[in-house]
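Remarks on the structure that follows.
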Amino acid sequence: MSVPKKKLLDTAWNTTTFLLTKQPEDFVDGHRVKIVIVGSGYTGVAIGIAILFKRLASELVFIDVNEELAKAEAEDISHGAAFLGNPKIIGTKDYSLARDATVCVITIGDRSTNEQDPSTLLEQNLNIFKDVIPKVCKYAPNSILLIVTAPVDILSYAAMKLSGFPPHRVVGLGTFLDSCRFQYFIAQKLGISASSVQASVICENGPTSVPIWSAVTVMGIKLKDINKDIGTKADPESWGELHAKVIDCDNDLISRKGYRCWGMGICAAEVVDAIVRNTCICVTVSTYLKGCRHGLEKDVYMSLPCIVGRNGIETLLRHPYTPEEQELTETSCRTIFETQKSILNSLE
Ligand SMILES: NC(=O)c1ccc[n+]([C@@H]2O[C@H](COP(=O)([O-])OP(=O)(O)OC[C@H]3O[C@@H](n4cnc5c(N)ncnc54)[C@H](O)[C@@H]3O)[C@@H](O)[C@H]2O)c1
């Protein structure tokens, strides 16, 4: 079928108007799942790719102060979009493109390096949050905020304050990746697959995190029933080394390859999946604890086993920790609270 030459010269006629009976600009802009990722550095892009491979978004928007970077990353991924369920992928510095997003993932900020002073990192990233969080919330006032930037517990608290969102709609990635790493190292030592092991790390995403050895199981069999000293100093098999390895993981990867992003990308996409598809999975993410029995009434964000669904944090698990685990939990909570004190005035 060929179009007569005369028609092609007519400005109202072109290949598209001939091919399609209704033109794209006339399509009804119906249901879309828009996910926004603020920060298109290593972590933002890793999260974006993981979200796209799971086909969770019909529209993915990368926002970055470095607009060329955001655009180039969006374009680079778009070239393979035909194999990702044909999502629309945009790179921009314009926050209005966050309009009506379902989830906004915040990954902005300086990549933490092994040498960086933690209080300087907090101050730098908090200043960025003060600028960025209100802009995101203006255009996506009903979204769930997923905080990845470090230090994640304190910045999740800051994001809750700066957004004015109810706490259940601000979720920190917290120790989710730590739990996955813990599960992986235990599985490696046992010589079985990671998905056969249930294991979690709670509290601070940092050195005072708490491995819940009392609840490490394989098919419901508690390792503590086999080795009563597991994870303690008295343990003849030194299982406790695995938690030290979890804490050291970020530094180890950064010193070997300059950054880390893939594990975090996969974990963050799992949380986005739980929100978008309301799967109500149980994961250790950072949540607001005021009034919660674990938190000693402290006003902090800290990781605990939470059920995540369409509303963000749907509910928490009541876990029967051992007295030792409870004590470590309280210490970790106090540590976050003490560090957080330095920023409280600036959030009033
Ligand atoms: N806890 C974890 O396991 C874990 C893992 C990975 C990353 N992270 C954290 O994620 C964050 C990002 O890490 P990364 O490796 O992607 O860093 P990166 O430096 O590669 O990317 C950060 C991006 O943020 C952008 N940015 C900075 N200021 C901005 C602003 N005001 N507005 C918009 N964009 C801005 C930068 O242009 C850059 O593209 C860090 O805080 C890092 O510690 C944590």
Side-chain angles (χ1 to χ4, degrees), residues 36-50 61-74 76 91-98 104-118 120-136 139 145-156 158-159 162 171-182 184 201 203-207 209 245-255 257-271 283-286 301-303 336:
V36 169
I37 300 180
V38 189
S40 44
Y42 287 108
T43 307
V45 169
I47 295 171
I49 283 287
V61 181
F62 288 109
I63 303 182
D64 202 292
V65 70
N66 181 347
E67 187 169 36
E68 271 321 304
L69 175 71
K71 281 186 170 169
E73 292 291 9
D76 192 357
T92 182
K93 64 173 183 185
D94 177 2
Y95 281 83
S96 73
L97 294 183
C104 298
V105 188
I106 313 295
T107 76
I108 45 175
D110 269 351
R111 190 176 324 151
S112 27
T113 61
N114 295 351
E115 293 81 35
Q116 201 155 22
D117 167 40
T120 315
L121 178 74
L122 171 60
E123 198 183 314
Q124 278 172 0
N125 287 345
L126 179 65
N127 284 335
I128 301 178
F129 266 47
K130 284 180 183 165
D131 173 43
V132 160
I133 298 291
K135 289 186 198 158
V136 172
Y139 293 104
L145 294 182
L146 179 57
I147 311 301
V148 176
T149 306
V152 69
D153 299 300
I154 298 178
L155 289 176
S156 300
L162 293 165
V171 182
L173 238 294
T175 58
F176 185 17
L177 178 56
D178 304 59
S179 292
C180 295
R181 287 168 170 167
F182 190 43
Y184 171 75
V201 173
C203 303
E204 186 201 14
N205 172 234
S209 69
K245 224 169 140 178
V246 168
I247 293 174
D248 195 39
C249 230
D250 272 347
N251 283 345
D252 177 47
L253 290 174
I254 289 171
S255 67
K257 58 176 249 183
Y259 62 94
R260 75 289 190 228
C261 63
W262 301 114
M264 176 51 81
I266 293 163
C267 287
E270 196 63 21
V271 176
V283 282
T284 58
V285 285
S286 195
Y301 260 70
M302 182 176 100
S303 288
I336 300 172

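Ligands are counted one by one from 1 in listed order, and the atoms in each one are counted from 1 as well. Remember, predicted model here, so these are calculated numbers, not experimental data.
Considering backbone and side-chain N/O of R181, none are found under 3.5 Å from N/O of ligand 1. For C261, no nitrogen or oxygen atom sits less than 3.5 Å from a nitrogen or oxygen atom of ligand 1, counting backbone and side chain alike. Between G44 and ligand 1, not a single N/O pair is under 3.5 Å apart. For Y42, a nitrogen or oxygen atom sits less than 3.5 Å from a nitrogen or oxygen atom of ligand 1, counting backbone and side chain alike. The shortest N/O to N/O separation between T149 and ligand 1 does not fall below 3.5 Å.
Under a 4.0 Å criterion applied to the non-hydrogen atoms of N205, ligand 1 contributes the atoms 1 (N). With ligand atoms numbered from 1 in the order given, ligand 1 contributes 39 (O) to contacts under 4.0 Å with heavy atoms of L69. Close approach of ligand 1 to L177 is summarised as follows: ligand atoms under 4.0 Å from at least one heavy atom of the residue are 3 (O). In the vicinity of T107, heavy-atom distances shorter than 4.0 Å reach the ligand 1 atoms 11 (C), 12 (C). Close approach of ligand 1 to G109 (heavy-atom distance below 4.0 Å) involves ligand atoms 17 (O), 19 (O), 22 (C), 24 (O), 27 (C). Counting the atoms of ligand 1 from 1 in the order shown, those under 4.0 Å from a heavy atom of Y95 are 32 (N), 33 (C).
With sequence neighbours excluded, the residues forming a side chain to side chain contact (heavy atoms under 4.5 Å, CB included) with E67 are K71, T92, K93, listed by chain and number. For V148, the side chain to side chain contact (heavy atoms under 4.5 Å, CB included) partners at least two apart in sequence or on another chain are T43, I47, V105, T107, L173, M264.
Between R181 and D250, at least one side-chain nitrogen of the basic residue sits less than 4.0 Å from a carboxylate oxygen of the acidic one, meeting the salt-bridge criterion.
Considering only heavy atoms from C-beta on, V132 comes within 4.5 Å of V38 through its side chain. Side chains of N205 and S209 form no contact here, defined as non-hydrogen atoms less than 4.5 Å apart. With a 4.5 Å cut-off on side-chain heavy atoms, L145 and V136 count as touching. Two residues are said to be in side-chain contact when any heavy atoms from C-beta on lie closer than 4.5 Å; F129 and I147 meet this criterion.
More than 12 heavy atoms of other residues, nucleotides or ligands sit less than 6.0 Å from atom CD of Q124.
Side chain to side chain, D178 and T175 fail the donor-acceptor criterion of an N or O pair below 3.5 Å.
Residue contacts with ligand 1 leave out F62, since none of its heavy atoms falls under 4.0 Å from the ligand.
By the criterion of a heavy-atom distance under 4.0 Å, neither the backbone nor the side chain of L173 is placed next to ligand 1. The parts of R260 lying near ligand 1 are both backbone and side chain, judged by heavy-atom distances below 4.0 Å. For V132, every heavy-atom contact with ligand 1 shorter than 4.0 Å involves the side chain, none the backbone. With a 4.0 Å cut-off on non-hydrogen atoms, I128 touches ligand 1 through its side chain and not its backbone.
Under a cutoff of 6.0 Å and an axis angle of 45°, K257 and Y259 form a cation-pi pair.
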